[in-house]
Amino acid sequence: MKPCLFVLLLFHCFIHPAFAQEKNDDYYKQLEEEYKKLRDSISRAHPFIPAVSSVMIDHRQTELNIFNSLITSNRYRDGNGDLNDINSRQTYFYNTIQLTYGLSAKSRFNIGLDINSVMGRIDENRNSSMFKVFSSGVEGNSEYARAVTSVAPRIRWRPLKRSYNLTIQGSIGIPTGISTKKQEVLGFSQVYFLTQFLYNEPLSKRLFLFSQLSLQYSFQRDNAPAVFY
């Protein structure tokens with residue numbers, strides 16, 4: 001992606017020789033910002049992907065869950081809904097280790113901790129395999145990074161005493177301070193507040209309908225704006 005941006009910049013300079021160098025620099029920065037937004041729109045999706053557990057753990061019991069998600073893309077939809085090429089393949093493998101402990105005697109309050117990690121890969125070959133994300137070897141302008149990105153203290157609450165259908169879960173994601181170089185692949189490192197409304201509706205003894213609504217607010221940092229999803 002970066003070489004393509006550089007070519008566009010040179011082309012812009014050629015057809016507009018009267019523009020000042022500062023103007024060209026601003027144009028290049030604008031293209032870089034568009035690339036970052038596109039990259040982060042994929043990498044920030046992590047908190048919404050896992051089908052988190054909505055089970056209320058009994059007093060002094062412990063629950064351990066491991067969630068894995070693999071997403072990949074070489075195209076995106078713009079504001080008009082039209083498909084556009086990224087001119088690369090972006091792939092992310094997310095892993096969440098979720099530990100929950102039953103805090104209250106009546107199974108209405110649980111506490112827990114989430115450990116989130118990610119492998120990210122940007123391949124200059126848009127037709128490359130998504131499974132290359134499991135390999136750190138890169139060629140040309142491809143990039144790869146992996147890191148434990150955040151640790152999130154969490155609380156799970158059953159607001160209705162006589163109903164086990166609705167569960168509310170909230171957590172605060174604390175970034176681990178990954179390097180700026182890795183952030184170029186994995187996205188910005190921000191503190192975020194996540195609230196999830198989880199609802200189970202039994203349809204039979206073996207089948208139920210599970211729905212999840214997630215709200216996330218990422219706090220502003222020096223290199224990243226505040227964002228609400």
Side-chain angles (χ1 to χ4, degrees), residues 40-73 77 92-120 146-178 183 186-221 224-229:
D40 293 331
S41 68
I42 296 178
S43 61
R44 285 180 174 178
H46 171 233
F48 304 101
I49 295 173
V52 299
S53 172
S54 63
V55 176
M56 294 303 300
I57 307 303
D58 291 337
H59 189 216
R60 295 182 179 179
Q61 287 188 342
T62 302
E63 176 193 63
L64 176 65
N65 287 315
I66 300 176
F67 301 105
N68 294 301
S69 304
L70 177 65
I71 64 173
T72 187
S73 178
R77 292 191 182 275
Y92 294 91
F93 179 75
Y94 297 104
N95 175 266
T96 296
I97 299 175
Q98 186 179 85
L99 180 65
T100 306
Y101 177 76
L103 188 64
S104 64
K106 296 184 179 181
S107 303
R108 293 194 62 196
F109 287 96
N110 293 168
I111 57 173
L113 185 70
D114 296 352
I115 301 175
N116 301 307
S117 61
V118 60
M119 298 178 183
R146 63 182 299 177
V148 176
T149 54
S150 65
V151 176
R154 175 175 41 80
I155 185 170
R156 189 181 294 168
W157 173 45
R158 179 167 56 88
L160 305 177
K161 293 183 179 181
R162 298 184 179 181
S163 175
Y164 285 83
N165 298 70
L166 177 64
T167 304
I168 300 176
Q169 186 166 262
S171 62
I172 298 178
I174 304 171
T176 57
I178 62 176
Q183 288 185 47
L186 303 180
F188 294 130
S189 184
Q190 292 177 274
V191 176
Y192 65 84
F193 177 71
L194 175 66
T195 300
Q196 295 166 309
F197 299 88
L198 314 171
Y199 189 84
N200 282 301
E201 180 61 40
L203 302 177
S204 67
K205 290 184 178 180
R206 297 186 179 184
L207 184 66
F208 63 90
L209 178 66
F210 174 76
S211 56
Q212 172 180 329
L213 171 65
S214 299
L215 306 174
Q216 177 188 313
Y217 181 79
S218 299
F219 292 88
Q220 182 176 355
R221 298 197 70 175
V227 182
F228 178 72
Y229 293 100

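The first residue in the sequence is number 1, and the count goes up from there.
Annotation: side chain of Y199 is not in contact with side chain of L213 (no heavy-atom distance under 4.5 Å). Between F109 and R156 there is no side-chain heavy-atom pair separated by less than 4.5 Å. The shortest side-chain heavy-atom distance between R60 and Y101 falls under the 4.5 Å cut-off. Side-chain contact between Y94 and T149: absent, with no pair of heavy atoms (C-beta onward) separated by less than 4.5 Å.
The closest side-chain donor-acceptor pair between Q216 and S218 falls under 3.5 angstrom. Side chains of N116 and S150: a donor-acceptor N/O pair is present below 3.5 angstrom, by distance only.
A side-chain donor-acceptor contact under 3.5 Å links Q183 to the backbone of I178. Of the possible polar contacts, one joining the R158 side chain to the K106 backbone as a donor-acceptor pair under 3.5 Å is found. Under a 3.5 Å cut-off, the side chain of E63 and the backbone N or O of G102 do not form any donor-acceptor pair.
Note that OG1 of T167 is 11.5 Å distant from CZ of F197, once rounded to the nearest 0.5 Å. Taken from CD1 in I115 to CD in Q98, the straight-line distance is 11.0 Å, to the nearest 0.5 Å. Atom OG of S107 and atom NE2 of H59 lie 9.0 Å apart (nearest 0.5 Å). Here the OG-CZ distance, from S189 to R221, works out to 5.0 Å after rounding to the nearest 0.5 Å. A distance of 13.5 Å separates CG of L103 from CD of Q61, quoted to the nearest 0.5 Å. Atom CD1 of I111 is separated from atom OG of S171 by 14.0 Å, given to the nearest 0.5 angstrom.
Legend: residues meeting salt bridge (charged side-chain N to carboxylate O under 4.0 Å, His left out) with R154, ordered by chain and number and at least two apart, are D114.
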(request) Go through the steps for S54 and N200 under the test side chain to side chain donor-acceptor pair (under 3.5 Å), then give the verdict. (result) CA-CA 8 Å; S54 63; N200 282 301; 2.5 Å; yes
(message) Is there a side-chain contact (heavy atoms from CB on, under 4.5 Å) between F219 and F193? Walk through the geometry before answering.
(response) CA-CA 8 Å; F219 292 88; F193 177 71; 4.2 Å; yes
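Aromatic ring orientation, F210 versus F208: perpendicular (interplanar angle above 60°, classes split at 30° and 60°). Between F228 and Y217, the two ring planes are tilted [angle within 30° to 60°].
The heavy-atom pair separating M119 from L186 by the smallest distance is C-CD2, 4.3 Å. Of all non-hydrogen atoms in L113 and V151, the two that sit nearest each other are CD1-CG1, 3.5 Å.
When the shell of 6.0 Å around CD1 of I172 is examined, it contains 12 or fewer heavy atoms from other residues, nucleotides or ligands.
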